[in-house]
Every structure is written in C-alpha cells, then in structure tokens.
Colleague: 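Quick one: this structure, given as structure tokens, is what I'll be asking you about.
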Amino acid sequence: MLVRELTTDDLDAAWELGRFAFGGGQERPASTSVDVPGMTRYGAFDEAGRLVGKAVDRHHEQWWSRRTVPAADVGGVAVAPEARGRGVARAMLTALLAGAHDRGAAVSALYPTVAAPYRAFGWETAGVLRTVDLATARLPRHRSAPHLTVRAGTPADLPAVADLYEQVTRHLNGMLTRRGKLFDFFAADGGLPGDGITLVEEDGHLVGYATWQRGSGCGADSVLTVDEALATTAEAARELVGVLARWASVAPTLRLCPLDGGAVSVQLPLEAAREHERNLWMHRPVDVARAVSARGWPDHARGVVDFGLTDPIAEWNTGTWRLAVADGAAELTRIGGEADLRLDVRGFALLYAGAARARSVAQAGLLHTTGVEPDALDLLGVGGPAHLLDYF
C-alpha cells in the first residue's frame with residue numbers, strides 16, 4: 001500500500017470515494033475539484049494504483065485560554081468497502097500525523113462516525129456538539145433595552161462579527177480561531193453565511209449576533225435554524241433571544257447549537273429542549289511538548305509533575321516527561337528514567353481537554369500508577385473543559 005498526498009489528478013476518485021462512504025448526492029462542491037490552501041489531502045493506493053482510502057488534514061488553529069494552538073483537524077476519512085479491515089486507515093492517519101507534526105501542528109480533533117477505530121490511533125472522546133430544538137414560542141421575551149439597536153447584517157458587517165466571535169471564544173479551550181488560509185478560501189465570495197444575520201449593537205458597537213437559515217414553509221413543521229448566536233453582554237443576549245422569539249408565528253421550531261455557559265445559552269429554556277442531533281468529537285496531541293507550551297494556562301495554576309507517556313502512532317511523544325506550570329505558561333521537558341505515573345496517549349487527550357480527572361483516567365485504564373496517587377496529573381487539565389462549535 002502506498003500513502004501519499006493527493007494531487008489534483010486524484011480528486012475525482014477522492015470525491016467518488018467520499019460520496020460512496022458518506023452517502024452524498026451527485027452534486028459536487030467546487031472545493032473538491034481544486035487545491036484548497038490550508039488543507040492537506042492524503043490518499044492510500046493499492047498495488048494496482050487504485051485509491052482505496054482518503055483523509056484530510058485541515059490546518060486549523062484552536063483557542064486554548066487566550067493563546068492559539070496549531071491544529072491538524074481531521075475530516076473526510078473514508079476507506080473503500082473492499083479495503084476495509086486491512087490497515088488502510090491506520091496507514092493514512094499515521095502518515096497524516098507525521099505530516100502534521102512536520103508542519104508544526106500541536107493538537108488534533110475529529111468527528112468520528114465510529115469512535116473505536118480512532119481510539120486505536122490515539123484519539124479520545126472529549127465532548128459533544130449538540131443541536132437542539134426549542135419551541136420558538138417558549139423563548140423568553142423582554143422589553144427591548146432602549147440603548148440597544150437591532151438590525152439586519154450585511155457582508156460589510158462580517159469583520160465585526162468575526163471580532164465578536166473572537167471576544168467570546170478566545171478565553172475558552174478548543175474553539176477554532178477561524179483564521180488562516182483555509183477560512184480565507186471559503187470566505188472569499190464575501191457573501192453572508194446562511195440566509196441572514198441579526199445584529200445587536202450598543203453605541204454603534206456590535207455586542208451580539210445570530211446567523212440563521214430560514215428554511216421552507218410557515219406551517220407547524222417549519223424550522224428556523226440558527227447556525228450561531230453569541231453575545232458579549234447579558235442585555236445583548238436577552239435582546240437577541242427576544243428577536244428570535246418573534247419568529248414564532250412562521251417558524252414554530254428554533255434549532256441551534258448552544259454554547260455551554262454562553263451568554264445566549266443561559267437565556268434559553270434548555271430544560272424544554274429536544275435533542276435533534278449530537279456529534280461526538282475526539283481529541284489527541286500531535287506533539288505533546290508543543291501542545292503544552294503553545295496553550296495558555298490559568299494564572300493561578302502552579303506545579304510540577306513527572307509522568308511517562310506511550311503513543312504507538314506518534315512515537316515522538318513516547319517517553320518520560322516533566323510538566324512544569326507557573327505564571328500562565330507551561331513547559332514539557334524530557335527527563336530520564338521511569339515515572340510513577342504512566343499515561344496512555346488517550347489519557348493525555350482526556351486530561352488536556354479537561355474531559356476527565358486523573359482518577360477517572362486511571363479507573364479507565366489509561367493511567368497507571370506505582371504506589372502514588374494520580375491526582376497530581378490533574379494539573380494537565382486545569383482551565384476547564386474544551387468546546388467545539390464548528391463541524392468539519
């Protein structure tokens with residue numbers, strides 16, 4: 001089997017493979033026919049030169065406590081039915097991780113169709129992107145604040161929308177920065193995302209927005225899909241929810257992905273929400289030393305802990321390490337000998353993403369100890385759980 005980067009001559013076969021794997025239609029997006037900056041496509045070829053597998057490394061950045069961490073976010077993994085179970089995915093993802101490591105990536109996320117194969121390659125479940133349905137009539141309505149202005153957005157407002165997204169997300173963990181060549185490529189047409197944007201402003205400054213798709217019809221089954229609703233103040237969030245509530249006469253259902261703890265989410269009657277869809281996402285380090293040094297750390301976090309790490313796919317991560325955290329920064333340094341705490345790479349992913357505490361990781365068999373308590377490794381996960389709002 002040969003694994004290599006795909007060229008434009010391979011893209012027809014790659015699209016067909018993806019269409020069969022994911023059940024897509026006949027209409028082909030233009031981006032599947034051209035080189036896309038900020039994206040590396042990998043393919044696996046059998047002895048006859050036929051493409052039997054593909055995977056895409058998206059050159060994203062993720063926010064981790066106010067600092068950007070270079071990421072290799074994986075999408076479009078597909079294997080021809082005749083080649084499944086023969087190590088194709090393992091070969092592709094091993095090559096993808098090596099290539100991502102060479103270009104400087106530190107972490108990786110993906111949305112699996114099935115989690116088990118990716119666990120075998122070092123990714124572990126870190127969160128869920130939930131899409132919920134709410135009865136639009138149940139949304140709270142508040143008296144409009146006189147100092148706030150609500151208006152429809154235009155393409156000229158998109159830079160301000162991007163700035164507000166960054167204000168909300170930069171202090172969180174895991175959220176995409178939406179910067180770089182890949183995002184610039186897909187934003188090049190300059191049009192609005194979806195059907196429209198509703199803006200909330202205070203003294204001419206954007207303090208909240210919702211991007212939405214109207215859908216079809218106006219009967220009992222009509223749905224207003226809100227792709228994103230974010231705000232930087234509680235008043236702006238209430239105003240935004242009040243505007244969405246006024247769709248009730250023509251769109252009885254509101255569909256959105258709530259950001260846990262976000263200003264808009266805490267205004268929503270989520271106790272009455274019905275789950276429409278849930279997309280599990282997984283995380284892993286590409287390079288553990290970069291993953292630690294690149295991210296931000298809470299100023300109050302301080303400590304030192306030694307641990308061993310095993311990573312059979314990205315062997316450059318395997319070894320004994322010393323984690324030192326202080327003054328909002330951290331460093332991971334190789335040391336000699338053996339450590340009393342020994343992590344599987346999946347355990348590292350859980351701790352780094354704040355998805356589990358060290359004791360839980362030990363109970364899951366992903367952290368082994370020799371005569372010591374595991375709690376010291378909670379230092380690796382300070383800063384709260386990671387989130388994702390982008391599906392890729």
Colleague: Y42: which residues meet the ring-ring contact (aromatic ring centres under 6.0 Å, His included) condition with it, sequence neighbours left out?
Modeller: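 Checked Y42 against ring-ring contact (aromatic ring centres under 6.0 Å, His included); zero matches.
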Colleague: Let me have the donor-acceptor pairs involving side chains of residues 361-369, under 3.5 Å, with sequence neighbours excluded, atom names and distances please.
Modeller:
residue : atom : partner : partner atom : Å
H368    : NE2  : G365    : O            : 3.2

Colleague: By salt bridge (charged side-chain N to carboxylate O under 4.0 Å, His left out), which residues pair with E275, not counting sequence neighbours?
Modeller: R278
Colleague: Quick one about N173 and S65 (side-chain donor to acceptor, distance below 3.5 Å, no hydrogens or angles considered), yes or no?
Modeller: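 Short answer, yes.
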Colleague: Does the distance from a Lys or Arg side-chain N to an Asp or Glu carboxylate O, for R103 and D57, drop under 4.0 Å?
Modeller: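 Here R103 pairs with D57 in a salt bridge, since their nearest N and O are under 4.0 Å apart.
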Colleague: Are T125 and R119 linked by a side-chain donor-acceptor pair shorter than 3.5 Å?
Modeller: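 R119 and T125 do have a side-chain donor-acceptor pair below 3.5 Å.
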Colleague: Does H283 have its ring centroid less than 6.0 Å away from the ring centroid of W123?
Modeller: no
Colleague: Any idea which heavy atoms bring R346 and D344 closest together, and the distance?
Modeller: N-OD1, 2.7 Å
Colleague: Through direct or indirect side-chain contacts below 4.5 angstrom among Ile, Leu, Val, Met, Phe, Trp and Tyr, which residues connect to L280?
Modeller: V128
Colleague: Listing request: all salt bridge (charged side-chain N to carboxylate O under 4.0 Å, His left out) pairs with a residue in residues 222-246, at least two apart in sequence or in separate chains.
Modeller: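 Output for this query lists R178-E228.
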Colleague: Is a salt bridge present between R284 and D311, judged by a nitrogen-to-oxygen distance below 4.0 Å?
Modeller: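 Looking at R284 and D311, the cut-off is met.
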Colleague: Which residues pass the side-chain hydrogen bond (donor to acceptor under 3.5 Å, both in side chains) test with T233, not counting sequence neighbours?
Modeller: none
Colleague: Got a sec, which residues hit side-chain hydrogen bond (donor to acceptor under 3.5 Å, both in side chains) with W64, two or more places apart in sequence or on another chain?
Modeller: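 Partners of W64 under the side-chain hydrogen bond (donor to acceptor under 3.5 Å, both in side chains) test: Q62.
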Colleague: Taking ring-ring contact (aromatic ring centres under 6.0 Å, His included) as the definition, give me every residue that meets it alongside H59, ordered by chain and number, with sequence neighbours left out.
Modeller: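 By the ring-ring contact (aromatic ring centres under 6.0 Å, His included) rule, H59 matches no residue at all.
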Colleague: Tell me, please, which residues at least two apart from F183 pass ring-ring contact (aromatic ring centres under 6.0 Å, His included).
Modeller: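 Checked F183 against ring-ring contact (aromatic ring centres under 6.0 Å, His included); matches are H60.
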Colleague: If hydrophobic residues (ILVMFWY) are linked whenever their side-chain heavy atoms come closer than 4.5 Å, directly or via other members, who joins V304 in its cluster?
Modeller: none
Colleague: Running the 4.5 Å side-chain criterion over Ile, Leu, Val, Met, Phe, Trp and Tyr, what cluster does V226 land in, apart from itself?
Modeller: V132, L134, L139, L148, V150, V200, V207, W212, L224, L240, V241, V243, L244, W247, V250, L254, L256, V264, L268, L270
Colleague: Look at the aromatic rings of F348 and Y352 and report parallel, tilted or perpendicular, splitting at 30° and 60°.
Modeller: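 Ring orientation, 0 to 90° scale: parallel.
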Colleague: Cationic tip of R67 within the cone over W63's six-membered ring, i.e. under 6.0 Å and within 45° of the normal?
Modeller: no
Colleague: Any Lys/Arg nitrogen of R179 or D184 sitting under 4.0 Å from an Asp/Glu carboxylate oxygen of the other?
Modeller: no
Colleague: Give a yes or no on whether a salt bridge exists between D163 and R170, defined as a side-chain N under 4.0 angstrom from a carboxylate O.
Modeller: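 Between R170 and D163 there is no salt bridge, as every charged N stays at least 4.0 Å from the carboxylate O atoms.
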Colleague: Answer yes if F185 and M39 sit in the same cluster of Ile, Leu, Val, Met, Phe, Trp and Tyr residues linked by side chain heavy atoms under 4.5 Å apart, and no otherwise.
Modeller: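 Hydrophobic grouping puts F185 with M39.
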Colleague: Applying salt bridge (charged side-chain N to carboxylate O under 4.0 Å, His left out) as the test, list every pair that has at least one member in residues 185-201; sequence neighbours left out.
Modeller: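 For residues 185-201, and leaving out neighbouring residues, the salt bridge (charged side-chain N to carboxylate O under 4.0 Å, His left out) pairs sorted by first residue read R151-E201.
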Colleague: Can you spot which of R4, K54, R41 makes a salt bridge (charged side-chain N to carboxylate O under 4.0 Å, His left out) with D10?
Modeller: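 Of the listed residues R4, K54, R41, the salt bridge (charged side-chain N to carboxylate O under 4.0 Å, His left out) partner of D10 is R4.
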Colleague: Going by atom types alone, do R28 and S33 pair a side-chain donor with an acceptor below 3.5 Å?
Modeller: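 Checked: R28/S33 side chains pair up, N/O donor to acceptor below 3.5 Å.
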